[in-house]
Amino acid sequence: VTTSQWFLLTSQSTIKDIKLHEPNIQLIRSRKDGTWNYDFIIEKLGLNNPTIQPKQPQKATIPNIDLNYLSINNAHFLMKDEWIGLDYECNVDELYLDAEQVDLKEGIIDINKIIINGAVFGMTDYTGGRPDSLRRKGPPIFSSHTPFNPNDWRIAVAKLQMKDSRFFLEMPERPLN
């Protein structure tokens with residue numbers, strides 16, 4: 001991560017460039033009891049313990065991100081939700097992003113170009129371990145006119161280039177007709 005030269009002298013930090021090499025993120029929820037593989041962190045911090053009194057809530061400050069470039073090489077992301085029965089997996093050989101403006105306070109993301117090489121994004125849908133008694137009843141409820149952008153973010157990408165990439169959807173329990 002590259003930051004501004006004045007990082008230590010200002011009350012507001014600015015992130016300029018982010019480079020990630022071989023990041024591997026795995027979020028896994030158990031089929032038998034619905035616990036995530038990172039739940040131990042939440043427990044150690046006492047975030048789900050009702051006997052620990054939380055500190056007075058502070059007004060959340062949204063960081064100022066003046067992101068110019070994002071570069072990711074050989075990335076792997078897996079969200080394996082055996083409780084629900086839906087997995088997401090993404091592998092990216094190379095991702096390069098050149099940003100014009102990223103304003104989290106105003107909800108604006110303006111990208112000059114995104115170049116993606118060797119990306120594979122897939123979803124696998126199957127019967128999870130969650131009992132029927134804990135399943136949500138009825139249709140999903142959305143709080144806004146659009147479920148994909150409830151906060152009305154403005155996102156623009158001037159150029160998107162993808163090479164040697166693919167998407168897959170697997171439903172091993174459903175027969176092909």
Side-chain angles (χ1 to χ4, degrees), residues 1-3 15-42 45 47 62-130 135-136 140-144 146-176:
V1 175
T2 305
T3 60
I15 298 173
K16 294 280 189 187
D17 305 320
I18 299 175
K19 296 176 184 175
L20 299 173
H21 182 68
E22 297 184 357
N24 184 11
I25 301 168
Q26 295 187 14
L27 309 175
I28 301 172
R29 183 154 58 163
S30 167
R31 178 181 196 87
K32 60 182 179 189
D33 62 4
T35 59
W36 287 98
N37 62 332
Y38 56 84
D39 279 351
F40 73 95
I41 297 171
I42 294 169
L45 294 174
L47 298 176
I62 298 173
N64 176 27
I65 296 183
D66 183 14
L67 180 66
N68 294 336
Y69 304 103
L70 170 65
S71 175
I72 301 175
N73 293 33
N74 301 321
H76 178 248
F77 173 80
L78 171 66
M79 187 174 104
K80 186 172 189 66
D81 193 342
E82 296 174 340
W83 181 250
I84 299 294
L86 181 62
D87 301 344
Y88 297 96
E89 186 162 14
C90 182
N91 291 295
V92 177
D93 291 342
E94 297 175 308
L95 183 143
Y96 173 78
L97 182 141
D98 175 4
E100 181 68 30
Q101 178 184 14
V102 176
D103 189 333
L104 301 180
K105 292 177 185 174
E106 296 296 322
I108 299 170
I109 299 178
D110 186 6
I111 306 297
N112 294 322
K113 67 180 167 184
I114 301 174
I115 299 172
I116 301 171
N117 292 319
V120 178
F121 179 79
M123 297 169 51
T124 305
D125 186 18
Y126 53 93
T127 302
R130 177 177 58 176
R135 293 185 192 278
R136 186 178 305 140
I141 299 170
F142 300 111
S143 61
S144 180
T146 172
F148 300 108
N149 191 8
N151 295 325
D152 294 324
W153 279 64
R154 290 176 283 162
I155 301 173
V157 178
K159 179 180 179 182
L160 173 63
Q161 176 183 326
M162 296 181 75
K163 182 178 175 186
D164 298 326
S165 299
R166 69 183 181 98
F167 169 80
F168 69 86
L169 172 62
E170 294 178 347
M171 298 184 288
E173 297 170 0
R174 295 187 186 174
L176 294 174

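Side chains are part of it too, since the values below use all heavy atoms of this structure and drop only hydrogens, waters and symmetry mates. Throughout, residue positions are numbered sequentially from 1 according to the sequence presented.
Here side-chain hydrogen bond (donor to acceptor under 3.5 Å, both in side chains) pairs that include residues 70-83, with residues two or more places apart or in two chains, are Asn24-His76, Arg29-Asp81, His76-Glu89, Lys80-Asp87. Within the structure, the side-chain hydrogen bond (donor to acceptor under 3.5 Å, both in side chains) test picks out no pair touching residues 155-164 (sequence neighbours left out).
For the atom pair OH (Tyr96) and NZ (Lys113), the distance works out to 5.5 Å, reported to the nearest 0.5 Å. In this structure, the separation between CG on Asn37 and CG on Leu78 is 9.0 Å, given to the nearest 0.5 Å. Note that CG of Asn68 and CD of Glu100 are 9.0 Å apart. Values are rounded to the nearest 0.5 Å. Rounded to the nearest 0.5 angstrom, Ile109 CD1 and Ile155 CD1 are separated by 4.5 Å. Considering CG of Leu104 and CD of Glu106, their distance stands at 10.5 Å, rounded to 0.5 Å. Taking CG of Asp98 as the reference point, atom CD1 of Ile115 lies at 8.5 Å (rounded to 0.5 Å).
Of all the heavy atoms in Leu86 and Met123, the pair that sits closest is CD1-CE, 4.3 Å. Nearest heavy-atom pair across Pro172 and Thr124 is CD-CG2, 4.1 Å. Counting all heavy atoms, side chain and backbone alike, Ile111 lies closest to Ala99 at CD1-CB, 4.0 Å. Closest approach of Ile108 and Arg154 over heavy atoms only: CD1-NH2, 3.0 Å. Closest of all the heavy-atom pairs between Ile114 and Leu97 is CG1-CD1, 4.0 Å. Taking all atoms of both residues into account, the shortest heavy-atom contact from Gly118 to Ser165 is N-OG, 3.7 Å.
A distance-only check finds no donor-acceptor pair linking the side chain of Asn117 to the backbone of Glu94 [under 3.5 Å]. Put simply, the side chain of Asn151 never gets that close to the backbone of Trp153: no donor and acceptor are under 3.5 Å apart.
For Tyr126, the OH atom counts as densely surrounded, since its 6.0 Å shell holds more than 12 non-hydrogen atoms of other residues, nucleotides or ligands.
Of the N and O atoms on the side chains of Asp110 and Gln101, not one donor lies less than 3.5 Å from an acceptor on the other residue.
Legend: residues meeting ring-ring contact (aromatic ring centres under 6.0 Å, His included) with Tyr38, ordered by chain and number and at least two apart, are Trp36.
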